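The structure appears right after this line, and notes come after that.
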Amino acid sequence: MTHLPAATITGPQTVLFATAVGIIVTNLFAPQTLVGLIGPSFGADAAGFGLVAMATLLGYAAGLFFLVPLADLAENRALILRMLIAAAMAAGIATLAPTASALLIVLFVLGAACSAIQILVPIAASMAPPGQDGRVIGDVMSGLMVGILLARPLASLVADAWGWRAFYGLSAASLILLACVLAFSLPRRLPVARTSYGALIASLLGLLRDEPMLRRRALTAALVMAAFSLFWTAVALRLAQSPFDLGQRGIALFALAGVGGAAVTPLFGRAGDRGLTRSATLACHLVLIGAMALSAWAGSAAAATATGWVPLGLMVVSAVLLDIGVTGDQTLGRRAINLLQPKARGRLNGLFVGIFFIGGATGSMLAGIAWAWNGWPAVCSAGAVFGLAALLVDWIGGPE
């Protein structure tokens with residue numbers, strides 16, 4: 001097989017790609033703000049809340065390892081449409097899940113199908129003009145980050161009005177509509193690779209072994225994603241406590257404030273194009289550590305004051321800074337990965353994002369454990385440790 005001639009990506013096509021990944025990714029992060037509702041509805045304790053958020057992220061990682069490599073074997077548009085239909089079916093079934101174990105299985109399947117995102121991003125990158133890969137990836141990633149950040153307020157508002165199951169009904173309808181739009185507007189893309197599925201999966205270990213850039217970028221991305229998931233899985237629990245006492249609507253507004261972090265995504269892509277990858281990445285990790293420190297102070301200060309408005313404002317600032325740090329690291333890492341081996345782009349993206357979502361799933365799981373152990377201080381301390389580890393990996397690694 002060979003690639004069909006790829007036209008240069010246009011502005012409307014960039015918007016389409018950004019919108020598509022933004023819609024799909026909402027399913028991965030909505031559980032983080034719904035854990036306070038889903039857990040009690042099934043009688044789960046605080047330590048078990050993190051499993052709800054972990055299931056979708058773990059499924060997504062599995063999809064990246066075992067479904068995304070198919071992008072190097074099968075026609076991409078048809079593959080994406082099949083995965084979107086599967087995601088819509090899983091979301092629909094989630095609205096009827098009778099037990100916690102059934103829901104966890106369905107959310108795992110939903111997460112796996114949502115890995116279609118990582119087939120869409122390489123298609124957009126392959127259509128970028130020469131030397132502008134970073135710009136296109138940054139623009140598409142801005143849609144991804146907006147989807148991630150809007151997932152929490154959207155889920156909170158829907159759950160406040162109609163319950164948490166209604167969110168998955170809305171998601172199923174959105175995914176079906178998106179599949180219809182992409183069926184008529186997404187360009188066909190045939191892969192270059194001529195091999196079997198088994199050989200493709202086996203080649204993942206070879207790529208990980210042979211590409212030190214992939215190992216480094218995936219490791220730092222996993223560490224910052226763990227910090228990100230820790231914060232956003234537990235922050236809803238902290239905001240529901242005194243003196244904040246926020247309900248689902250208040251938590252939705254808090255999550256909405258973090259959307260501002262996505263505005264800087266294209267800037268990181270352009271920084272990579274100018275050769276500033278390492279310095280920008282180190283800055284992202286420092287910002288993340290600062291964000292966790294600020295959120296820890298705001299949470300403790302809130303407990304000692306009669307009003308929570310000032311600490312709440314500082315919590316919002318820390319959320320924005322955290323999102324900037326994570327967005328920057330992922331955008332720069334994705335750009336570096338997409339420049340390695342064009343023929344293996346699907347597998348490289350699957351490995352990179354799969355590894356960092358394992359970090360995200362780990363963070364979500366640890367959020368429940370840290371919260372049960374020592375509340376918000378333990379959550380923030382764990383997040384700072386992950387950020388420091390990412391900083392050390394890049395600092396020791398030296399110039400790229």
Side-chain angles (χ1 to χ4, degrees), residues 1-3 6 9 17 21 61 63-74 76 115 117-141 144 189-195 199-225 265 268-282 284 327-359 390 393-394 396-400:
M1 291 184 183
T2 58
H3 282 295
I9 194 167
F17 279 107
V21 299
L64 292 166
F65 291 134
F66 298 107
L67 296 180
V68 170
L70 288 171
D72 290 330
L73 189 65
N76 286 190
S115 62
I117 291 170
Q118 300 308 324
I119 304 176
L120 284 165
V121 173
I123 292 177
S126 70
M127 297 170 66
Q132 297 187 37
D133 306 69
R135 178 186 65 80
V136 171
I137 293 172
D139 290 343
V140 175
M141 280 292 291
L144 182 73
R189 180 174 182 266
L190 292 169
V192 174
R194 300 188 181 207
T195 185
L200 280 175
I201 298 301
S203 71
L204 294 178
L205 290 177
L207 288 172
L208 195 60
R209 180 191 65 237
D210 298 336
E211 295 289 354
M213 177 66 70
L214 172 62
R215 295 195 300 271
R216 177 173 164 183
R217 292 269 62 88
L219 176 57
T220 62
L223 291 168
V224 300
M225 192 64 179
T265 306
F268 287 109
R270 289 165 174 77
D273 289 339
R274 295 188 178 99
L276 301 174
T277 297
R278 183 168 186 257
S279 57
T281 303
L282 291 173
C284 289
T327 298
D329 178 88
Q330 291 183 6
T331 301
L332 292 163
R334 193 185 301 270
R335 176 188 176 277
I337 297 309
N338 275 284
L339 295 176
L340 293 178
Q341 295 186 34
K343 292 183 179 181
R345 194 168 264 167
R347 282 168 288 161
L348 287 168
N349 272 272
L351 277 169
F352 172 69
V353 185
I355 291 171
F356 87 61
F357 265 91
I358 289 177
V393 168
D394 263 327
I396 294 172
E400 298 180 351

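What you see below is based on every heavy atom in this structure, not just the backbone, and it leaves out hydrogens, waters and symmetry mates. Model, not experiment: these values are computed from the prediction.
Taking 4.5 Å as the limit, every side-chain heavy atom of D139 sits out of range of all side-chain heavy atoms of V136. For the pair L219 and I355, the minimum side-chain heavy-atom distance is 4.5 Å or more. Inter-residue side-chain proximity for V353 and R334 is flagged as met; some heavy-atom pair is nearer than 4.5 Å. When side chains are defined from C-beta on, P69 counts as touching I201, because their heavy atoms get closer than 4.5 Å.
Residues A390 and V224 approach most closely at CB-CG1, 3.9 Å, considering heavy atoms. The two residues A61 and G354 come nearest to each other via the heavy atoms CB-O, 3.6 Å. The heavy-atom pair separating P212 from D210 by the smallest distance is CD-O, 3.3 Å. Contact detail for R189 and A71: the closest heavy-atom pair is NH1-O, 4.3 Å. Of all non-hydrogen atoms in L207 and L214, the two that sit nearest each other are O-CD2, 4.0 Å.
In this structure, L208 CG and E211 CD are separated by 9.5 Å, a value rounded to the nearest 0.5 Å. Note that CZ of F65 is 4.0 Å distant from CD1 of I358, once rounded to the nearest 0.5 Å. I119 contributes atom CD1, which lies 6.0 Å from atom CG of N76 (distance to the nearest 0.5 angstrom). Once rounded to the nearest 0.5 Å, the distance linking CD of Q330 with CZ of F352 reads 6.5 Å. Expressed to the nearest 0.5 Å, how far CZ of F356 lies from OG1 of T220 amounts to 10.5 Å. Expressed to the nearest 0.5 Å, how far OG of S115 lies from CG of L64 amounts to 5.0 Å.
Between R217 and D394 there is a salt bridge, since a side-chain N of the basic residue sits under 4.0 Å from a carboxylate O of the acidic one.
A donor-acceptor contact shorter than 3.5 Å is absent between the side chain of D329 and the backbone of T281.
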